[in-house]
Number of protein chains: 2
Amino acid sequence: MSDELLRSLDQAGVRLTGPRREIAALIAKRNGHFTAADLIADASKRRLGVGRATIFRLLDLLAEQGLVERVDLPDGRHAYVPCEPSHHHHLVCVACGAIAEVEDCGIDAVTAEASRRSGFTIESHRLELFGRCPNCRSAN
Amino acid sequence: MSDELLRSLDQAGVRLTGPRREIAALIAKRNGHFTAADLIADASKRRLGVGRATIFRLLDLLAEQGLVERVDLPDGRHAYVPCEPSHHHHLVCVACGAIAEVEDCGIDAVTAEASRRSGFTIESHRLELFGRCPNCRSAN
DNA sequence: CACACAATGAGACCAAGTATCAATACCCCG
DNA sequence: CGGGGTATTGATACTTGGTCTCATTGTGTG
């Protein structure tokens, strides 16, 4: 569950405090994406005494470790997705919020082509795919 | 200059008001990306009496027409880019903010592959490329 | 097991954007 | 060309997502 998050944090040299364990558990319990507001609501619902700031701070830490990533939904909202630290992209189900990760599959060719045409040196990119997961597709 | 923006708005059936003309001129005068705050600052610097809300409203309208697009910079900030209404992606220079547009160049293969692997139906995607434009690359 | 220092929570603050509403200004129609 | 319905406007309050500060607390190292 949340063990993996905690283990990675530990390895990164950050302290494993009570609030962090609790927030990690909340994240692990969710599936698919969530917003910071979701976590804040979860935390206050359970009367964990963790502050807003602590939640944002942990999200930053997790993002630095690549254990969580920020995605910008098509409607402009921000969400976070728990994920593997390796480079990859996300497929987001617009109906239920489920997430799939896809390894790099041909994007390099695209960036190389764009670089050739424009003369830019490309340093990084962001690719997000939005659609419907198998469940939501058949359910509708 | 700003004529093209105004013409497109006219065709979309929106009224061509004074404030809209002024904001369109401000947008046309910038090159590369800009934030809403930039426009608001421009407007107040010149003592045009246009309100914050009007600027956001015009940006929304322009975005609907595809004349402007919102990009999320790697540092998390939001910017707007003036652009062609056809489907395309942006290359953003992280040094000077210059923008290049690239037509679809192989992305479809990537989305098809991702779809095949994940079982998702892909409805839309967002691709942003960050790097250095030819000027900034040589200047450094 | 003490102590330095990282981490916390509370709350003020900030930036970006939205909602409300009375006043204004387009522009269509005659 | 002038009137008037209606889209648009500016001011301002509000919301949401996130950061800063700072006095207090908790961790884990030595």
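Order of the sequence lines fixes the chain letters, A, B, ..., with proteins taken first and strands second; residue numbering starts at 1 for each chain. Predicted, not measured: the structure shown is a model, and the values here were computed from it. Values below: all heavy atoms of this structure, side chains included; hydrogens, waters and symmetry mates excluded.
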When you list every nucleotide of DNA chain C with an atom under 4.0 Å from a heavy atom of chain B, which one comes first 5' to 3', and which comes last? dA16(C) to dC27(C)
Over all heavy atoms of both residues, which pair between His88(B) and Val102(B) is shortest? Give the atoms and the distance, please. CB-O, 3.4 Å
If you measure only the distance, is there a donor-acceptor pair under 3.5 Å linking the side chains of Thr35(B) and Asp38(B)? yes
Sorted by number, residues from residues 9-20 of chain B placing a heavy atom under 4.0 Å from DNA chain D are Val14(B), Arg15(B), Thr17(B), Pro19(B), Arg20(B)
Salt bridge (Lys or Arg N to Asp or Glu O under 4.0 Å) with Arg116(A): which residues, sequence neighbours excluded? Glu113(A)
Does Arg15(B) offer a backbone N or O that forms a donor-acceptor pair with the side chain of Arg20(B) under 3.5 Å? yes
What range of DNA chain D does chain A touch, first nucleotide to last, counting atoms under 4.0 Å from its heavy atoms? dG17(D) to dG28(D)
Is any side-chain heavy atom of His89(B) less than 4.5 Å from a side-chain heavy atom of His87(B)? yes
Distance check, rounded to the nearest 0.5 Å: Arg70(A) atom CZ versus Leu62(A) atom CG? 14.0 Å
State, to 0.1 Å, how close Leu67(A) and Pro85(A) come at their nearest heavy-atom pair, and which atoms those are. CD2-CG, 4.2 Å
In Å, rounded to the nearest 0.5 Å, how long is the span from CD of Glu101(A) to CG of Leu91(A)? 10.0 Å
With rounding to the nearest 0.5 Å, note down the distance linking CG in Leu6(B) to CZ in Arg21(B). 6.5 Å
Base-paired stems in DNA chain D, each at least three Watson-Crick or G-U pairs under 3.5 Å: C:1-30 with D:1-30
Identify the two heavy atoms, one from Cys93(A) and one from Cys136(A), that lie closest to each other, and give their separation to 0.1 Å. SG-SG, 3.7 Å
Within 6.0 Å of CZ in Arg77(B), more than 12 heavy atoms from elsewhere: no
Going by an N to O cut-off under 4.0 Å, is there a salt bridge joining Asp72(A) and Arg126(A)? yes
With hydrophobic residues grouped by side-chain heavy-atom distances under 4.5 Å, do Tyr80(B) and Leu26(B) end up in a single group? yes
Strand-adjacent residues in residues 51-65 of chain A, judged by heavy atoms under 4.0 Å from DNA chain D: Arg52(A), Ala53(A), Phe56(A), Arg57(A), Asp60(A)
So, do Glu69(B) and Cys83(B) sit near enough that their side-chain heavy atoms are less than 4.5 Å apart? yes
Is the number of heavy atoms from other residues, nucleotides or ligands within 6.0 Å of CZ (Arg117(A)) greater than 12? yes
